[in-house]
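Following: one structure in C-alpha cells, then a few remarks.
Just so it is clear, the model here is predicted, and its values are computed rather than measured. The chains referred to below are lettered A, B, ... by the order of the sequence lines, with proteins before strands, and numbering in each begins at 1.
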There are 2 protein chains.
Amino acid sequence: MPTQPTPTMHDVARVAGVSVSTVSRVVNNERYVHDETRAKVVDAIAQLGFQRNEAARALRPGQSSDTVGLVVADVANPFFSAIAQGAEEIVREHGHMLIVGNSGLDYQRERDLVQEMLRRRVDGLLVVPTAHDHAELHAELSRWAPIVYVDRAPRGVRADAVVLDNRAGAQRAVDYLIQAGHQRIGYIGGDPAVVTGHHRLAGYKQALRVAGLDFDQALVRFGNHTAEAAEETGVDLLTGPTQADAIFADNNRMTVGALHAIRRVDGGAGLAGFDDVELADLLPRPIALVTHDSIELGRRAARLLFDRIAGTTGPPRRVTHRTQMLIRGG
Amino acid sequence: MPTQPTPTMHDVARVAGVSVSTVSRVVNNERYVHDETRAKVVDAIAQLGFQRNEAARALRPGQSSDTVGLVVADVANPFFSAIAQGAEEIVREHGHMLIVGNSGLDYQRERDLVQEMLRRRVDGLLVVPTAHDHAELHAELSRWAPIVYVDRAPRGVRADAVVLDNRAGAQRAVDYLIQAGHQRIGYIGGDPAVVTGHHRLAGYKQALRVAGLDFDQALVRFGNHTAEAAEETGVDLLTGPTQADAIFADNNRMTVGALHAIRRVDGGAGLAGFDDVELADLLPRPIALVTHDSIELGRRAARLLFDRIAGTTGPPRRVTHRTQMLIRGG
DNA sequence: CTGTTAGCGCTTTCAT
DNA sequence: ATGAAAGCGCTAACAG
C-alpha cells in the first residue's frame with residue numbers, strides 16, 4: 001500500500017475536539033492538562049498513529065535538530081566502522097541521531113557532505129578529514145557548528161581532534177622488527193598527503209635511528225590506496241632491488257596487502273603493521289600489530305563534540321589515544 | 001570560538017536590499033530575476049555564508065526530508081558495515097542522506113530507532129530486523145514510509161526484502177564437508193529466533209539428508225551471540241561427547257569463533273562457514289566459505305527502497321541474492 | 001486548565 | 001521582475 005501523509009497535531013486536535021496547543025501540551029507531557037482532556041488527546045494520537053514532526057519542532061528558536069554528522073572515508077573499512085559504532089553509541093545516549101557519509105578521501109566530496117549536513121542543521125560534526133588543506137573549509141564552516149576531527153588533525157587548522165599515538169606506535173613496531181634481526185624494513189603507506197602516514201613514518205625513522213640503522217628512501221613506498229596495491233608494492237620491496245627483509249605496513253589495508261605479498265614471496269620476511277586485523281592471531285607466522293580501541297576513539301570524539309555542543313569554549317583540544325603493540329599469530 | 005546562529009534568507013534579503021522571495025528565487029535558480037538583483041543576492045549569500053535550512057524547506061507541503069534511515073544490529077560487524085556502505089552509495093546518488101542506528105538486535109531499540117527516524121520524517125527505511133514478530137510494528141509504521149528489510153524478512157509480515165540464498169548456500173558448504181569425509185558436523189549458530197539461522201540449518205539438514213547421514217540434534221548449538229561464545233561451543237562440540245569432526249558456522253562471528261576453537265583443539269576438524277572473513281585465505285587450513293557481495297546487498301535494498309519512495313506500488317518484492325562457495329586458505 | 005496568536009525559515013501563489 | 005502574504009507543523013507566551 002502506498003504511504004499516507006503523516007497526521008499532524010492539527011489532525012489530532014480535530015479528532016480530540018481540542019486545540020493544537022492542548023495537543024502540544026499532552027505530547028510534551030506538560031502539567032495543567034485535565035486528565036479527561038489528556039485522555040481524549042491520547043486516544044486521538046493512538047487512533048491516528050500521530051508522531052510529532054521533529055523537523056518542524058526543530059524550527060522553533062532555541063531548538064536543535066538533535067542530529068550529528070559523521071564523515072569517514074569509507075564505512076566498510078573496519079577502522080572507520082568501529083569509529084562509527086562508538087560514535088553512534090554516544091550520540092544515541094545524548095538522544096541524537098547519526099547521519100553518516102563516506103568521503104572516499106575525496107576533498108570535494110568531504111566538502112559537499114559537510115555542507116549538506118550543515119544545511120540539515122546538524123548540531124555538530126565528526127570528521128575524518130581528507131589530506132587536503134582544511135584552513136578554508138574549517139574557517140568557513142566551523143562557525144555554524146562545532147567540528148571534532150577524528151584519527152587525524154586536518155592540515156592548516158588548529159581544531160579539536162582525537163588522534164592516535166601514531167609515531168610512538170609505529171616506532172615500537174618497527175623496533176620489534178629490528179630486534180628480531182631485520183635490517184632492511186620496507187614501509188608501505190597509503191596516501192602520502194595524509195598526516196597519519198607522516199607521523200608513522202617518523203616513528204619508523206626514529207626506530208631506525210635509535211638502532212643505528214641507515215634510512216633508505218627506496219624502502220619507503222607511499223601511494224598504495226588498496227590492499228591489492230599494497231600487495232604489489234610488498235612483492236616489489238621483497239623481491240626487487242631493494243631487498244627488503246621485513247615490512248612495516250602503515251594501516252590495516254596495507255597490512256592485508258603485505259600479508260598477501262609475503263605469502264606470495266614465501267620468504268622469512270618479518271611483518272609489522274598499524275591497526276589490528278581480524279584473524280591475525282591465527283596466521284602461521286607472527287606479526288607485530290599496533291592496536292588500539294577504535295570504538296573508544298569514536299566514543300571519545302563524540303563526547304568531545306557534545307561537550308562543545310553544550311557550549312564549552314576554550315582552545316582546541318587535542319586528545320591522543322595510546323596504542324599498544326601485540327605480537328599476534330605464529 | 002562558539003558557534004553563531006546560522007543566517008536566514010531574511011538576513012540575506014536585508015543585506016542585499018531585496019525581499020525574501022527574491023532570495024528564494026535566486027537560491028532555487030529560478031528564472032525571472034534581474035541579473036543585477038541576482039548578483040546582489042549572490043554577494044550577500046557569500047558574505048554571510050548563508051546555507052539554506054533544509055529542515056525548514058522540507059516543511060513545505062510536497063517536500064521531503066531527503067533522508068533515509070538504516071537500522072542494523074551493529075555497524076562494527078563487517079557484514080552490516082558493508083550493507084551500510086552499499087546503501088550510502090545509492091542514497092547519495094539520490095541526493096539523500098543516510099541516518100544510521102544500531103539496534104543491537106534488541107527489538108525495543110529497533111522499534112525506538114524506527115520510530116525516531118519516522119519522527120524525523122525519513123523518506124524510507126532500510127531495516128535489518130530483529131528476531132521478534134514484526135506484524136504489529138510493520139503494520140503500524142509502514143503506513144508512513146516505505147520499509148525494505150535487509151538480510152532477512154521479518155517474522156509475521158510479507159514485506160519488501162532483499163535476502164541471501166541461505167539454504168542453498170549452507171547446503172553447499174556442508175556438502176563440501178561431507179565430501180571431504182566428515183560425518184559428524186557440528187552446527188554453531190547465533191540467535192535461534194533469527195530466521196536466517198533456520199534457513200541455514202535447513203540447508204545443513206538437507207545436505208545431510210542427501211548424503212544419507214543421520215541428523216543429530218546434539219550437534220546443533222544455537223544461542224552464541226559472540227565469537228567468544230562460539231569458540232567455547234566449538235571446543236565443546238569437538239572435544240565433548242558429541243565428538244564432532246567438523247563444524248559449520250552460521251555467520252561471520254561464528255566462523256571466527258570456530259576458527260579459534262579448532263586451533264585450540266588442534267585436531268583435523270573441517271570447517272565451513274557462512275559469510276566471508278578477511279584473511280581466511282591466508283589461514284593454514286582450508287575453510288569453505290559461503291560468500292556473497294554484501295555491499296551489493298545494501299545497494300539493492302536501497303534501490304528497491306527508492307523505487308517505493310518514487311511511488312511504485314504492487315505486492316511485496318522479495319529479492320534473493322545468490323551466494324557462492326569458495327575454498328579459502330590451506 | 002485551555003484556546004488564541006505569533007512566528008521559526010522557507011516556498012509559493014497572487015498582485016503589482 | 002519583484003514584493004506581500006499565507007502557510008507548512010510545531011511551540012510559547014498570553015489571555016481568559
Side-chain angles (χ1 to χ4, degrees), chain A residues 4-42 44-45 48-67 116 118-123 144-145, chain B residues 4-42 44-45 48-67 116 118-123 144-145:
Chain A
Q4 313 164 25
T6 323
T8 68
M9 279 196 179
H10 187 257
D11 299 324
V12 176
R14 201 168 20 70
V15 170
V18 299
S19 77
V20 281
S21 14
T22 301
V23 176
S24 175
R25 288 194 186 92
V26 172
V27 169
N28 292 304
N29 254 307
E30 283 174 32
R31 290 160 313 178
Y32 307 132
V33 180
H34 197 89
D35 284 351
E36 215 169 290
T37 318
R38 184 183 299 274
K40 281 193 298 186
V41 173
V42 169
I45 287 176
L48 295 173
F50 168 80
Q51 313 206 57
R52 194 226 271 106
N53 183 331
E54 294 296 334
R57 177 183 155 87
L59 215 53
R60 304 305 334 287
Q63 301 280 9
S64 91
S65 69
D66 286 359
T67 55
E116 181 63 33
L118 250 16
R119 277 196 285 270
R120 315 228 165 190
R121 295 300 183 263
V122 292
D123 295 329
W144 315 125
Chain B
Q4 313 164 24
T6 324
T8 68
M9 279 196 179
H10 188 256
D11 299 325
V12 176
R14 198 167 23 71
V15 170
V18 299
S19 75
V20 279
S21 6
T22 300
V23 176
S24 175
R25 288 192 185 93
V26 172
V27 169
N28 292 303
N29 252 307
E30 282 174 34
R31 290 160 311 178
Y32 307 131
V33 180
H34 198 87
D35 284 351
E36 214 168 289
T37 317
R38 183 183 301 273
K40 281 193 297 186
V41 173
V42 168
I45 287 176
L48 295 173
F50 167 80
Q51 313 210 52
R52 192 221 277 103
N53 182 331
E54 293 296 332
R57 175 183 155 87
L59 216 53
R60 303 308 329 289
Q63 301 280 9
S64 92
S65 70
D66 287 359
T67 56
E116 181 63 32
L118 250 16
R119 277 197 284 272
R120 314 226 167 193
R121 297 297 185 265
V122 292
D123 294 331
W144 314 126

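Side-chain contact check for A/Asp66 versus A/Glu54: every heavy-atom pair is 4.5 Å or farther apart.
Counting all heavy atoms, side chain and backbone alike, A/Pro7 lies closest to A/Leu48 at CG-O, 3.5 Å. Scanning all heavy atoms of the two residues, the minimum distance from A/Met9 to A/Arg52 falls at CE-CG, 4.2 Å. Of all heavy-atom pairs spanning B/Ala44 and B/Ala16, the tightest one is CB-CB, 3.9 Å. A/Ser64 and A/Asp123 make their closest contact through OG-OD2, 2.8 Å (heavy atoms, listed as atom of the first residue, atom of the second, distance). For the residue pair A/Ala13 and A/Ser19, the shortest heavy atom distance occurs at CB-C, 3.8 Å.
No salt bridge links B/Glu36 with B/Lys40; every basic N to acidic carboxylate O contact stays at or beyond 4.0 Å.
The base of D/dG3 lies close enough to the side chain of B/Arg25 for a donor and an acceptor atom to sit less than 3.5 Å apart. No hydrogens or angles were tested; on distance alone, nothing pairs the side chain of B/Thr22 with the base of D/dA1 as donor and acceptor under 3.5 Å. In this model, no side-chain donor or acceptor of B/Thr37 finds a partner on the base of D/dT2 within 3.5 Å.
Remark: C1' of C/dC14 and OH of B/Tyr32 are 16 Å apart, rounded to the nearest angstrom. Note: CD (A/Gln63) to C1' (D/dC10) measures 9 Å, nearest angstrom. Distance, B/Asp66 CG to C/dC10 P: 16 Å, rounded to whole Å. Atom-to-atom, CZ of B/Arg119 to C1' of D/dC10 comes out at 15 Å; the value is rounded to the nearest Å. Between B/Asn53 atom CG and C/dC8 atom P the separation is 13 Å, expressed in whole Å. One can place NZ of B/Lys40 at 15 Å from P of D/dA1, the figure rounded to the nearest angstrom. In this structure, B/His34 places its NE2 atom 18 Å from C1' of C/dT16, rounding to the nearest Å. Rounded to whole Å, atom P of D/dA12 lies 13 Å from atom CG of A/Leu59.
When each of A/Glu116, A/Arg119, A/Arg120 is paired with B/Gln51, the side-chain contact (heavy atoms from CB on, under 4.5 Å) condition holds for A/Arg119 and for no other.
Relative to the axis of its first five pairs, the axis of the last five pairs of the helix from C/dC1-D/dG16 to C/dT16-D/dA1 sits at 50°, rounded to 10 degrees.
As judged by a 4.0 angstrom heavy-atom cut-off over every strand, A/Thr8 is placed among residues touching the sugar-phosphate backbone only. Note on A/Val18: only backbone sugar-phosphate atoms sit closer than 4.0 angstrom, heavy atoms only; bases stay farther off. Looking at heavy-atom distances under 4.0 Å, B/Arg57 makes contact with sugar-phosphate atoms alone, never a base.
Taking 4.0 angstrom as the limit, B/Ser24 places none of its side-chain polar atoms (N or O) nearer than this to OP1 or OP2 of C/dC10. At least one side-chain nitrogen or oxygen of B/Arg52 sits closer than 4.0 Å to the OP1 or OP2 atom of C/dT11.
Side-chain proximity of B/Ser19 to the nucleotides D/dC8, D/dA4, C/dC8 is greatest for D/dA4. Comparing D/dA4, C/dT11, D/dA12 against the side chain of B/Asn28 picks out C/dT11 as the nearest.
When each of B/Ala56 and B/Val33 is assigned the nucleotide of DNA chain D bearing its nearest heavy atom, the one mapping closer to the 5' terminus is B/Val33. Comparing A/Glu54 and B/Arg31 by the nucleotide of DNA chain D that holds the closest heavy atom to each, the one mapping nearer the 5' end is B/Arg31.
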